[in-house]
Enquirer: 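My questions will all concern the structure given below.
Start at 1 with the first residue, then count along the sequence.
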Amino acid sequence: MIFQRKWRFGLGTVFSLIVVYFIHLYAADKGWKLLALIAKWYLIIAGILLAIPLIIIFLIVLLSFFMILITYI
């Protein structure tokens with residue numbers, strides 16, 4: 001059997017974003033520029049990847065709402 005690993009965003013992803021955010025704050029406070037830069041880019045990339053499915057779901061709900069609204073007019 002071949003098991004295929006899928007990309008999933010769950011509680012672990014949210015927890016890692018929180019931990020990396022505090023690492024970024026600590027590194028920026030201590031003046032560790034490279035670690036702060038790496039943590040910031042991790043937050044940006046992971047935040048975008050986490051936001052894309054939420055934006056798609058929001059757009060689908062919004063489109064469905066407008067379709068229902070148009071049918072009742």
Enquirer: Please tell me whether Leu50 and Phe22 are part of a single hydrophobic cluster in this structure, the criterion being side-chain heavy atoms less than 4.5 Å apart.
Expert: yes
Enquirer: Sequence neighbours excluded, which residues qualify as side chain to side chain donor-acceptor pair (under 3.5 Å) partners of Tyr21?
Expert: none
Enquirer: Can you pull out every side-chain hydrogen bond (donor to acceptor under 3.5 Å, both in side chains) where at least one residue sits in residues 24-38? Sequence neighbours excluded, please.
Expert: none
Enquirer: Who else is in the cluster with Leu34 when I, L, V, M, F, W and Y are joined by side-chain contacts under 4.5 Å?
Expert: Ile38
Enquirer: Using the test side-chain contact (heavy atoms from CB on, under 4.5 Å), find all partners of Ile56 that sit at least two apart in sequence or belong to another chain.
Expert: Ile52, Ile60
Enquirer: Tell me, which pairs form a side-chain hydrogen bond (donor to acceptor under 3.5 Å, both in side chains) where one or both residues lie in residues 45-54, sequence neighbours left out?
Expert: none
Enquirer: For the residue pair Ala28 and Ala36, what are the closest heavy atoms and their distance?
Expert: N-CB, 4.0 Å
Enquirer: Going by side-chain heavy atoms closer than 4.5 Å, which hydrophobic residues are tied to Met67, directly or by a chain of links?
Expert: Leu63
Enquirer: For the hydrophobic clusters of this structure (ILVMFWY residues joined by side-chain heavy atoms under 4.5 Å, transitively), does one cluster hold both Val19 and Leu25?
Expert: no
Enquirer: Would you list the pairs meeting side-chain hydrogen bond (donor to acceptor under 3.5 Å, both in side chains) in which at least one residue belongs to residues 40-63, sequence neighbours left out?
Expert: Ser16-Tyr42
Enquirer: CD1 of Ile55 to CD1 of Ile48: how many Å apart, nearest 0.5 Å?
Expert: 9.0 Å
Enquirer: Which heavy-atom pair separates Ala46 from Leu17 by the least distance, and what is that distance?
Expert: CB-CD2, 3.5 Å
Enquirer: Taking side-chain contact (heavy atoms from CB on, under 4.5 Å) as the test, write out the residues that go with Phe66, two or more places apart.
Expert: Leu62, Leu69
Enquirer: Got a sec, which residues hit side-chain contact (heavy atoms from CB on, under 4.5 Å) with Ile45, two or more places apart in sequence or on another chain?
Expert: Leu49
Enquirer: Tell me, which pairs form a side-chain hydrogen bond (donor to acceptor under 3.5 Å, both in side chains) where one or both residues lie in residues 59-73, sequence neighbours left out?
Expert: none
